[in-house]
Visitor: 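Okay, handing you the structure first.
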There are 2 protein chains.
Amino acid sequence: METRELRYFMAVAEELNFGRAATRLGIAQPPLSRAIQQLERRLGVDLLTRTSRSVALTEAGAVLLREGRAALDAVDAAARRARRAAKTDARLVLVAKAGASAELLAKILDGYAAEPGAIELEVELCGVGEQEPRLRDGRADVALLHRPFDSLSGFDVEELTTESQVVLLPAGHPMSTRASLTMAEVAALDLPLPRWPLRDGTYPPGPGPEVRDPAQILQLVVLGRAIVVLPDSVRSQIGGGVVAVPVPDAPLVTTVIAWPPQSRSRALATLIRVAAGL
Amino acid sequence: METRELRYFMAVAEELNFGRAATRLGIAQPPLSRAIQQLERRLGVDLLTRTSRSVALTEAGAVLLREGRAALDAVDAAARRARRAAKTDARLVLVAKAGASAELLAKILDGYAAEPGAIELEVELCGVGEQEPRLRDGRADVALLHRPFDSLSGFDVEELTTESQVVLLPAGHPMSTRASLTMAEVAALDLPLPRWPLRDGTYPPGPGPEVRDPAQILQLVVLGRAIVVLPDSVRSQIGGGVVAVPVPDAPLVTTVIAWPPQSRSRALATLIRVAAGL
DNA sequence: CATGACCCATACCCTACGGGTATCGGTCAC
DNA sequence: GTGACCGATACCCGTAGGGTATGGGTCATG
């Protein structure tokens, strides 16, 4: 199977319309129809059920859509990493959620910089859910992820720290002087929970504000427009105006360092060793 | 990057000789040379340093060789899984090492068969190191692997059980009546340790016999031709003639259930849930 | 119920790319 | 110095992949 065929199929499978898919691919519709037919012949499997009005995925097509995305990402990642390996200014790109695990990140950076033979370590802070694709397609080399929030699927990981969670309240809030709160009490406050982006970048429907990273949400808490439960380490991020109250029965959050399998360069191995040893 | 180009590059990178690589690919040498040149132009990177006598990998080439293999496996796996998804006789293929975790495996099979909607579960018993490639390229859906022996890199896993290890001795052996032995004592017995295959299927050099799976080795132990330390669960496999003596300071072995990322079908999810719940 | 919009497949043509053969040019060994 | 070896180049050919025109089936609309 060629990547061209796979890309064509992915476009059709996503659009469920040959015309639109062809436009997206920058080709005409007939060659696209033929390419898909040929792919089906070669695989010996029907991927799409076409009527003269619509296109739908078969069982096999759904599988190929899911697996194909991973395969194309792997091919892209291979190309991107090969290109990057040729650059003389070798560097490692680490992605983390803006505002999460700040001290841990600082410790990792300091610890790695102190290693002999350390190369430049570029830190990219991005929104929730943006790390995984970057790591998958080779734009980043390593990420700090948080279980159980982030999907660790397909990455190699090493556990770093485990923290309990706190609820953030505006300074004057009646509950803000409590020593701890339960999840039930938090829910009873009847403030909207923020909505985090889903895997595909869209937001689930609901009342809460749409947010992309932990940093963003602090403002909303100050304004009393949202309530949020976050890992304990956000304490270091909050200034005046916001109070953190422990929520003992919230799930524990584990910060992990994650990297793509099969890509353990010398520099990456060092970074992982440093991070795991902290 | 097309898979054809990648396959061509992999052949050259492995052979380090255009002529032999071309033969292996079933094409002539000149088109292969051109294809590689074109790939280098497209990536904007030198992958190989050629003299008129020899070919060597550049830094970027080494990266592409490593990453490319994973990418090609992913593409093959996507095709294979799509093909299998179309078969009506849907079934799940589980690979395990012959002779390892036998009771656990039996419990998983029984537990899964009792689930509503369970489909046929085919068990393949294979040698050490054969599971990973099968899982990677789509020939198998799920595997029982043993940490720290097997590489879990690139798979999603769920831990099942942790066991200590025992040393196997022939029944009449002077040490066979001991309650336990240390690793140092085992080493002092001066019997050859068996050699397990490496990732590429070859065996490391050394004096011990070449073995492929735990079952195979029992005979050698009876004959006094080898000594081996294995997870506690082999006890159920050994008949007369062999005695298992605990080795408390041997590393703990964790049996995990592993599956390829992005491929969590309904049946697979059920199987994992059943296994993890035992 | 007829007509048009929509959508995928087919027919047909053309170009460019992938592959083949012959040969060159450079390097090492004997 | 000569031959063996090996990758690159030159040149040719077939076909795979892309384009345009159009067919044919289905649904919506007046």
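In what follows, chains carry the letters A, B, and so on, assigned in the order in which the sequence lines appear, proteins first and then strands, with residues in each chain numbered from 1.
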Visitor: Output all residues satisfying side-chain contact (heavy atoms from CB on, under 4.5 Å) with A/A28, sequence neighbours left out; order by chain, then residue number.
Guide: A/P30, A/P31
Visitor: Tell me, please, which residues at least two apart from B/R147 pass side-chain hydrogen bond (donor to acceptor under 3.5 Å, both in side chains).
Guide: B/E159
Visitor: Please tabulate, for the side chains in residues 72-81 of chain A, all donor-acceptor contacts under 3.5 angstrom to protein atoms that are two or more places apart in sequence or on a different chain.
Guide:
unit_1, atom_1, unit_2, atom_2, d
A/R80, NH1, A/D137, O, 2.5
A/R81, NH1, B/E67, OE1, 3.1
A/R81, NH2, A/L135, O, 3.0

Visitor: By side-chain hydrogen bond (donor to acceptor under 3.5 Å, both in side chains), which residues pair with A/R53, not counting sequence neighbours?
Guide: none
Visitor: Check each residue of residues 1-15 of chain B for a non-hydrogen atom within less than 4.0 Å of any atom in DNA chain C, then write out the ones that pass by number, or none.
Guide: B/R4, B/Y8
Visitor: Quick one: side-chain contact (heavy atoms from CB on, under 4.5 Å) partners of B/E2, sequence neighbours excluded?
Guide: A/E2, A/T3, A/R4, A/R7, B/E5
Visitor: Between the protein and nucleotides 7-9 of chain D, which nitrogen or oxygen pairs are less than 3.5 angstrom apart?
Guide:
unit_1, atom_1, unit_2, atom_2, d
D/dG7, OP1, B/F18, N, 3.2
D/dG7, OP2, B/F18, N, 3.1
D/dG7, OP2, B/G19, N, 3.3
D/dA8, OP1, B/R50, NE, 2.4
D/dA8, OP2, B/S33, OG, 2.8
D/dA8, N7, B/Q29, NE2, 3.0
D/dA8, N6, B/Q29, OE1, 3.2
D/dT9, OP2, B/Q37, NE2, 3.3

Visitor: Could you list the donor-acceptor pairs under 3.5 angstrom formed by side chains in residues 120-128 of chain B, with sequence neighbours left out?
Guide:
unit_1, atom_1, unit_2, atom_2, d
B/E122, OE1, B/R91, NE, 3.4
B/E122, OE1, B/R91, NH1, 2.8
B/E124, OE1, B/R134, NH1, 2.5

Visitor: What range of DNA chain C does chain B touch, first nucleotide to last, counting atoms under 4.0 Å from its heavy atoms?
Guide: C/dG18 to C/dC28
Visitor: For B/A226, which residues count as a side-chain contact (heavy atoms from CB on, under 4.5 Å) partner, sequence neighbours excluded?
Guide: B/P209, B/L220
Visitor: Once side-chain contact (heavy atoms from CB on, under 4.5 Å) is applied, do any residues pair with B/L193, and if so which ones, sequence neighbours excluded?
Guide: B/I227
Visitor: Measure the OG-CH2 distance between A/S265 and A/W259 for me, rounded to the nearest 0.5 Å.
Guide: 11.5 Å
Visitor: What residues form a salt bridge (charged side-chain N to carboxylate O under 4.0 Å, His left out) with A/R225, not counting sequence neighbours?
Guide: none
